[in-house]
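Atoms within a ligand are numbered from 1 in the order they appear, just like the ligands themselves.
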Amino acid sequence: MTKPIPLLIDTDPGVDDALAILMAFNDPGHDVVGLSIAAGNVGLEHTVRNALKLCEVAGRDDVPVFAGCASPLVFVPREDAAHVHGRDGFGDVDYEPVARRAEAEHAALAILRLSHRYAGELLLVALGPLTNIALALKLDPTLPSRIKRFVVMGGAVTGHGNITQAAEFNVAFDPEAAHVVFEGFPVFDLADWEAVIAHGFHHQKAERWLQADSPRARFYDAISLQTRRWSADRRGELWHSADALAMAYALQPDGALELAKRPLQVETAGALTRGATVTDWNRQTGRPDKARILLRYDQARFEGLVEAALAAG
Ligand code: BDR
Ligand code: CA
């Protein structure tokens, strides 16, 4: 049997982060070696607690959780995503407190340490604002040389944003960090918001998956209820899980049916444009084609991964 790929997830849980992490836990081809936690969907005290809780529910208290930056590198944005994920980020279900604490090591230092420990093998997946990874890069710009593959959920590659008309939440929350990261990595895989919108699944189907007789499905049913209602009101019959799509692309890259490689830069200025991921579709800048952008993923494969992750355990 081949050795599982070490997987480090930088995340701001978040209802869709939780689904992505359950997918990773359920994949025998990957070994989750840590969760490094960012602020984003809600404040860091909640995102850390949610990560620990999810590990507990999934029976994965062996996975270390590292608390990272409590705020973006430079400016604190006006808006988080509590209106989507609940004030606590996990649907305000008032879950039983979790006993375990986060590790003492800062997330940015853990990213660097694990990049040495698994040099040349590590799959790094970013599901939140890129603050921790930017900080790690500033501490050690050689980080990318030790990462085998880097997958990011973020951006809106033709400017159809979700938090503003031009920008996607993870990038808009900390555009300076996204700039540092997208400049610092020679190449990365990107599942942007527009790919997410093209890969919704029917609420009725998801409700069926959530009926699975497993603690993971029961917990996920509860914490996702508020966001499913919000999404049904706002977007109709399809439910979109951004981080789950990015995780499908990370775990099973051969499920990608269409990719485009292009230069991509983050706009950090402008009341209307801050956080936009400006993609050089016509290759006018002469910059390197560093973003491998997911355009189409095998929908049946994606849904199969989600369903299996919920039923597992
Ligand atoms: C991204 O923003 C967050 O709200 C989600 O968790 C996801 O990572 C989608 O724009
Ligand atoms: Ca997220």
Side-chain angles (χ1 to χ4, degrees), residues 8-24 35-44 46-51 53-54 65 68-69 72 77-92 107 124-133 150-175 177-178 181 188-200 220 223-224 226-228 230-231 234-235 238-250 266 274-277 293-294 302 306:
L8 174 60
I9 308 173
D10 191 77
T11 168
D12 62 333
V15 174
D16 61 334
D17 300 77
L19 186 53
I21 295 166
L22 291 180
M23 290 163 73
L35 302 176
S36 56
I37 309 299
N41 282 320
V42 287
L44 188 71
H46 289 301
T47 55
V48 169
R49 209 164 65 98
N50 291 346
K53 184 68 190 179
L54 189 70
V65 171
C69 301
R78 279 193 308 268
E79 225 186 315
D80 61 15
H83 59 293
V84 182
H85 300 263
R87 281 184 310 279
D88 72 352
F90 263 11
D92 298 325
L124 175 62
V125 177
L127 305 176
L130 291 157
T131 320
N132 293 332
I133 299 174
F150 179 36
V151 179
V152 178
M153 190 286 126
V157 294
T158 69
H160 293 65
N162 58 1
I163 189 79
T164 70
Q165 64 266 50
E168 176 280 333
F169 180 81
N170 288 338
V171 175
F173 192 86
D174 193 347
V181 170
F188 53 90
D189 288 337
L190 191 76
D192 83 320
W193 178 251
E194 296 173 36
V196 171
I197 285 296
H199 295 85
Y220 202 74
I223 66 166
S224 64
Q226 188 172 322
T227 188
R228 282 185 283 130
W230 177 88
S231 158
R234 185 114 171 207
R235 302 207 181 98
L238 294 182
W239 183 27
H240 303 91
S241 185
D243 295 335
L245 180 68
M247 190 56 80
Y249 182 30
V266 178
R274 182 167 159 76
T277 41
I293 302 162
L294 178 67
F302 175 36
V306 172

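- The SG atom of Cys69 sits 4.5 Å away from atom CG of Asn132, with the distance rounded to the nearest 0.5 Å.
- Asp17 and Asn41 form a side-chain donor-acceptor contact under 3.5 Å, judged by distance and modelled atom types alone.
- Ser224 and Arg228 are linked by a side-chain donor-acceptor pair at a separation below 3.5 angstrom, with hydrogens and angles left out of the test.
- Applying the 6.0 Å contact sphere to NE2 of His160 captures no more than 12 heavy atoms from other residues, nucleotides or ligands.
- Residues Asp12 and Thr47 have side chains that never bring a donor and an acceptor to within less than 3.5 angstrom of each other.
- Residue contacts with ligand 1: Asp12 is placed with no nitrogen or oxygen under 3.5 Å of a nitrogen or oxygen of the ligand (distance criterion only).
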Exercise for the section: Apply side-chain contact (heavy atoms from CB on, under 4.5 Å) to the pair His85 and Asp16, showing each step before the final yes or no. Expected result: CA-CA 9 Å; His85 300 263; Asp16 61 334; 3.3 Å; yes

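- Contact annotation for Asp17 and ligand 1: only side-chain heavy atoms (C-beta onward) come within less than 4.0 Å of the ligand.
- For Trp193, no nitrogen or oxygen atom sits less than 3.5 Å from a nitrogen or oxygen atom of ligand 1, counting backbone and side chain alike.
- Interface of Glu168 with ligand 1, defined as ligand atoms under 4.0 Å from a residue heavy atom, comprises 1 (C), 2 (O), 9 (C), 10 (O).
- The protein non-hydrogen atom at the shortest distance from atom 8 (O) of ligand 1 is Asp243 OD1, 2.7 Å.
- On a distance-only criterion, Leu127 and ligand 1 share at least one N/O pair closer than 3.5 Å.
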Exercise for the section: Determine, step by step, whether Leu294 and Leu245 satisfy the side-chain contact (heavy atoms from CB on, under 4.5 Å) criterion, reporting the C-alpha distance in whole Å, the side-chain angles of both residues, the deciding distance to 0.1 Å, and the verdict. Expected result: CA-CA 10 Å; Leu294 178 67; Leu245 180 68; 4.1 Å; yes

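- The contact set between ligand 1 and Phe169, taken as ligand atoms under 4.0 Å from a residue heavy atom, comprises 2 (O), 3 (C), 4 (O), 10 (O).
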Exercise for the section: Dump the intermediate steps for side-chain contact (heavy atoms from CB on, under 4.5 Å) on Tyr220 and Val15, then the final yes or no. Expected result: CA-CA 8 Å; Tyr220 202 74; Val15 174; 3.2 Å; yes

Practice task
Quick one: do Met247 and Val125 satisfy side-chain contact (heavy atoms from CB on, under 4.5 Å)? Show the steps, please.
Solution key: CA-CA 8 Å; Met247 190 56 80; Val125 177; 4.1 Å; yes

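- For ligand 1 and Met153, the ligand atoms under 4.0 Å from any heavy atom of the residue are 1 (C), 7 (C), 8 (O), 9 (C).
- Using modelled atom types, one finds no donor on one side chain facing an acceptor on the other under 3.5 Å when comparing Glu168 with Thr277.
- Take the Ca ion (ligand 2) and draw a sphere of radius 3.0 Å; the protein N/O/S atoms inside it number 5.
- Under a cut-off of 6.0 angstrom, the local environment of CZ in Arg87 is sparse, with at most 12 non-hydrogen atoms contributed by other residues, nucleotides or ligands.
- Residue, atom and distance of the protein heavy atom nearest to atom 4 (O) of ligand 1 are Asn41 OD1, 2.5 Å.
- In terms of protein heavy-atom proximity, atom 6 (O) of ligand 1 is nearest to Asp16 OD1, 2.5 Å.
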